[in-house]
*Asks:* 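First the structure, which I've put down as structure tokens, then a few questions once you've had a look.
The figures here come from the full heavy-atom set of this structure, side chains too, leaving out hydrogens, waters and symmetry mates.
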Amino acid sequence: MPELPEVETVRRGLALKISGRRIVRAELRRLDLRRPFPPALAERLDGAQIGALGRRGKYILIELDADGVLLLHLGMSGRVTVGNAALPAAPHDHMVLTLDDDTVIRFNDPRRFGLIDYVRRGEAARHPLLARLGPEPLEASFDGAYIASKLAGKLTPIKAALLDQRIVAGLGNIYVCEALYRAGLSPKRLAASIGRRRADRLAAAIKSVLTEAIAAGGSSVRDYVQADGELGYFQHHWAVYGREGEPCPGCNCAEGVRRIAQSGRSTFYCAKRQR
DNA sequence: CTTTCGTCCTGACTGC
DNA sequence: TGCAGTCAGGACGAAA
């Protein structure tokens with residue numbers, strides 16, 4: 001479930017391996033994921049020099065040559081691995097890039113919720129997938145004042161609002177649960193009821209949860225690359241996510257961590273600590 | 001306009 | 001053991 005910290009860890013690991021290299025072979029093993037690949041993608045990749053790697057929300061942006069950007073989204077099951085050319089393609093390896101040092105980068109995505117697109121450098125910010133994204137939660141401009149103003153009048157639960165990428169970019173189900181837990185806010189609370197004080201707490205909780213997760217990604221694997229070549233995933237200890245029935249780590253309430261369904265997704269929380 | 005819901009996909013898991 | 005059923009999730013687009 002790659003969310004911002006996992007995507008950022010993939011970006012960093014990938015940057016160490018591919019930035020500055022040239023693609024000598026690009027193999028597309030199918031023509032689409034969530035949507036069709038852009039026209040002539042293989043031709044654009046083949047021979048391209050790889051520049052800087054950026055991230056916007058859950059999207060990875062890879063600069064190609066002087067004026068191109070490769071856009072990657074890992075969806076739900078997307079993974080990137082680093083290996084050598086001797087390894088045969090595995091099932092669901094949809095894009096395989098061979099670099100000029102014989103490193104092979106594989107984009108693997110069984111459920112195919114991921115996305116690959118190509119955009120001109122100057123038009124990246126106006127790309128339909130990026131243009132409407134909300135602010136980066138780790139930037140200084142993302143703060144309690146912004147959150148409070150954005151949630152004012154919204155008659156949706158705070159949980160759903162934080163999953164809306166137009167409000168803030170990069171949060172998914174796991175980190176929304178964790179941030180609400182840390183902020184002491186009930187996931188069922190209406191977004192409109194988050195005033196400035198609660199919004200300040202929420203902003204701080206989101207930032208600290210994400211920052212700690214990114215740090216865990218960077219420290220848990222050598223140079224962000226695991227022994228099997230996989231980038232970006234790491235062992236992490238969630239306070240509430242996936243812990244239905246377990247004791248809440250912050251208090252000794254009898255009920256422990258509850259799980260409820262909100263708009264078809266599981267929400268984990270502590271009813272005592274989160275109001 | 002706002003908000004909710006169905007849809008895509010396959011692997012992991014549950015229960016009979 | 002095997003198989004059917006359920007669940008997981010990001011983001012879009014349709015529906016209300």
*Asks:* Return whichever of A:P128 or A:S266 has its heavy-atom-nearest nucleotide of DNA chain C closer to the 5' end.
*Replies:*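 Closest to the 5' end, via its nearest nucleotide, is A:S266.
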*Asks:* Write down the distance between CZ (A:R35) and C1' (C:dG10), rounded to a whole number of angstrom.
*Replies:*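 Computing the A:R35:CZ to C:dG10:C1' distance gives 13 Å.
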*Asks:* Counting neighbours of CZ on A:R29 that are heavy atoms of other residues, nucleotides or ligands and sit closer than 6.0 Å, is the number greater than 12?
*Replies:*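 More than 12 within 6.0 Å, yes.
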*Asks:* What is the distance, to the nearest angstrom, from the CG atom on A:L72 to the P atom on C:dA11?
*Replies:*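 Value for this atom pair: 14 Å.
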*Asks:* Could you list all the salt bridge (charged side-chain N to carboxylate O under 4.0 Å, His left out) pairs where at least one residue sits in residues 175-184 of chain A, not counting sequence neighbours?
*Replies:*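 Matches after skipping sequence neighbours: A:R182-A:E212.
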*Asks:* Distance check needed: C:dA8 P versus A:E244 CD, whole Å only.
*Replies:*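 A:E244 atom CD is separated from C:dA8 atom P by 10 Å.
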*Asks:* Measure CG/A:L33 against P/C:dA11 and give the value in whole Å, please.
*Replies:*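 Interatomic distance, CG of A:L33 to P of C:dA11: 14 Å.
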*Asks:* Provide the closest heavy-atom pair for A:G144 versus A:D200 in the form atom of the first, atom of the second, distance.
*Replies:*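 Where A:G144 meets A:D200 most closely, the heavy atoms are CA-OD1, 3.2 Å.
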*Asks:* Over how many whole Å does the gap from A:W238 atom CH2 to C:dA8 atom C1' extend?
*Replies:*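 Taking atom C1' of C:dA8 as the reference, CH2 of A:W238 is at 15 Å.
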*Asks:* Classify A:L129 by what it touches in the nucleic acid, base, sugar-phosphate, or nothing, heavy-atom distance under 4.0 Å.
*Replies:*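 A:L129: backbone/sugar contact only, no base atoms under 4.0 Å.
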*Asks:* Counting only side-chain N and O atoms of A:K154, is one of them less than 4.0 Å from OP1 or OP2 of B:dT3?
*Replies:*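 Answer is yes, contact under 4.0 Å.
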*Asks:* Taking only side-chain N and O atoms of A:H73, does any of them lie within less than 4.0 angstrom of OP1 or OP2 on C:dA11?
*Replies:*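 Looking at the OP1 and OP2 atoms of C:dA11, one of them is under 4.0 Å from a side-chain N or O of A:H73.
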*Asks:* Tell me whether the rings of A:H73 and A:Y59 are parallel (<30°), tilted (30 to 60°) or perpendicular (>60°).
*Replies:*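 Ring orientation, 0 to 90° scale: perpendicular.
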*Asks:* Whole angstrom is fine here: how far is it from CZ in A:R132 over to P in B:dT2?
*Replies:*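 Nearest whole value for this atom pair: 11 Å.
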*Asks:* Sub-3.5 Å donor-acceptor pair from the side chain of A:E63 to the main-chain atoms of A:I50, do we have one?
*Replies:*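 A pair under 3.5 Å: no.
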*Asks:* Without decimals, in angstroms, what is the distance between A:I167 CD1 and C:dA11 P?
*Replies:*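 Nearest whole value for this atom pair: 14 Å.
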*Asks:* How does each nucleotide of nucleotides 4-11 of chain B score, in 5' to 3' order, for protein heavy atoms under 4.0 Å: base (B), sugar-phosphate only (S), or none (-)?
*Replies:* S---BBBB
*Asks:* Check the distance between C:dA11's C1' and A:L74's CG and give it to me in whole angstrom.
*Replies:*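 After rounding, the reported distance stands at 14 Å.
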*Asks:* Taking atom types as modelled and ignoring hydrogens, do the side chains of A:E6 and A:Y175 form a donor-acceptor contact shorter than 3.5 angstrom?
*Replies:*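 Looking only at side-chain atoms, A:Y175 and A:E6 do form a donor-acceptor pair, the distance falling under 3.5 Å.
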*Asks:* Which class fits the ring pair A:F142 and A:Y146: parallel under 30°, tilted 30 to 60°, perpendicular over 60°?
*Replies:*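 The rings of A:F142 and A:Y146 sit tilted, inter-plane angle from 30° to 60°.
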